[in-house]
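Here's the structure we're looking at; comments come further down.
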Amino acid sequence: MSGARTDAAAEQAARWIVRLSADDPAERDSAQAGYAAWKAADPLHANAAAGMENLLGQLHAVREPAGGDHRPARAALKAIRPRPRRLRQLAAASAVAVLVLGSAMLAGERPAYLLADLRSPTGQWSTHTLADGSQITLAGGGAVNVHFNRGERHVELLRGDILVDVAKDAQRPFIVDSGQAAIRALGTRFSVRREDGATILNMLESTVSAQVPRHPAVVVQAGQRARITSDGVGPLTNIDAASLQDAWRAHQLVVDDQPLAEVLDELARHRPGQLRYDRAQIAHIRVAAVLPLDDTDKALQLLIDNFPQLRIRMLTRYLVMVDAPASGPAKK
C-alpha cells in the first residue's frame, strides 16, 4: 500500500465529508449514495473514510458547546454514522486511517474547517446574516465559529479572510478572535485575515480595539491596517478603505508594487490543488495589478500577458507550475 495512494484516499474522504454537509438536501442525498459507492469500491477507501468519521465524531464531542449551532457538522455526522455493529467493525481500521492522514490534517485546519459553523469552499464567497443582524462575508476557503450570549458576540476565525459589518449593540461587544488577537467592536466594518503566525486587520469604518495577550490594547481607526502577531500589534499603515471595499465586492486582488511571490501566495489560497513556484527565482519581479480571485486561471493569464518572462505550466487543473526561466534573478 503506497503512501501516495493512502494520501490520495485521505484527501478524497475529506472531500466526501464536505459534500455530505452541503446545505442542499438533494446534494446531500446524492453525496450519500456516491460516498457509499466510493467506500465499497476499495478497502483503502473504507479505511480512510473510517478514520475521518472517527475523527469527526471525537472532535464534535469535544467542541460541542451548550446552545451551539453546528448544523453543517451535524449533517455530516448524521449522514456518515454507521449502525452500531458496523461501528465496532470499523474501530480497528480507523487507527490506520488516522495515522496516514497525518498530524497536519488531523490536528490542524482541515477538521476545524469541516466542523465550522460557517465556511466557504475554495474559490467561492458567501455572505451570512447573524442572529443580531451583523453580516459576515467569507472569502474562498474561509471558516468561522459563532458564539453569541447575553454578554458578548464572539466570532472565532479559523482560517481565511472575512469581511464583517457589525450591527450596533451597546450592551454586547462584537469580538473576532483570530488566535493571535481579540478584535473588539460595537458597530463598525472591517476585514480580518488569518495567516500563519499573523492576523491582518483592515479598518473600513469606525474603530476597533485590538488586544494581544500580555500586550496593551491598540485602537485601530478607519483607513488603517495592522499586522498582528504574538509580539503585539505592529505599526499602523494607511489603506484606501473605499478601494478595499470595492475589491471585496468584486472578489478582486488589488496589488501595488508587490512581490510576485506574495501575489501567487494569494492566488494559491483561492484555487484548488497546488500552485508551485520558486520564490528565489521570481524574487526580482514586482506586480501592480487588479486580478480576479474568483477566476484564478484568468488571473494567471493576466500575469503572463504583463510579464513575458514568466512561464506558467498547467500540468493538471490541480497542479500549476510558475517559473521565469528566461530572466532569472536580477543582478545587483
Side-chain angles (χ1 to χ4, degrees), residues 1-64 68-102 104-106 108-126 128 138 140-143 145 158-159 270-274 294 316-319:
M1 184 183 299
S2 71
R5 285 192 68 223
T6 299
D7 291 345
E11 174 71 18
Q12 291 165 15
R15 291 183 181 277
W16 277 114
I17 298 299
V18 172
R19 290 186 59 191
L20 287 166
S21 65
D23 292 332
D24 183 2
E27 185 177 345
R28 288 200 301 271
D29 290 343
S30 175
Q32 269 189 271
Y35 183 55
W38 177 80
K39 288 193 292 183
D42 189 326
L44 185 61
H45 296 176
N47 282 345
M52 182 61 74
E53 291 169 14
N54 184 60
L55 173 69
L56 283 172
Q58 292 179 29
L59 292 179
H60 180 77
V62 168
R63 65 171 292 275
E64 176 72 36
D69 181 8
H70 298 289
R71 287 169 292 178
R74 281 200 289 266
L77 288 167
K78 183 178 180 181
I80 65 178
R81 185 172 290 121
R83 295 176 181 177
R85 184 176 180 181
R86 178 59 174 158
L87 181 59
R88 289 194 298 270
Q89 293 172 341
L90 290 174
S94 67
V96 177
V98 169
L99 287 174
V100 300
L101 286 175
M105 180 178 288
L106 298 183
E109 293 184 345
R110 176 159 293 168
Y113 173 80
L114 292 173
L115 290 170
D117 295 341
L118 304 174
R119 49 188 170 82
S120 189
T122 300
Q124 299 181 32
W125 275 248
S126 61
H128 306 268
L138 288 80
N145 287 325
L158 300 174
R159 76 178 194 188
H270 291 274
R271 64 178 292 123
Q274 297 185 29
D294 52 6
T316 73
R317 175 71 180 87
Y318 301 100
L319 178 57

Query raised in the report: Looking at residues at least two apart in the chain, or sitting in another chain, which of them share a side chain to side chain contact (heavy atoms under 4.5 Å, CB included) with Ser126?
Result: Ser120, His128, Leu138

Requested in this report: Could you pull out the closest heavy-atom pair between Ala41 and His45, with the gap in Å?
Outcome: CB-ND1, 4.3 Å

Requested in this report: Report the residues that fulfil side-chain hydrogen bond (donor to acceptor under 3.5 Å, both in side chains) with Gln124, sequence neighbours left out, ordered by chain and then residue number.
Outcome: none

**Report entry** Distance (rounded to the nearest 0.5 Å) between Trp125 CH2 and His270 NE2
**Finding:** 5.0 Å

**Report entry** Sequence-distant partners of Pro43, side chain to side chain contact (heavy atoms under 4.5 Å, CB included), two or more places apart
**Finding:** none

Query raised in the report: Which heavy-atom pair separates Asn145 from Asp117 by the least distance, and what is that distance?
Result: OD1-N, 3.0 Å

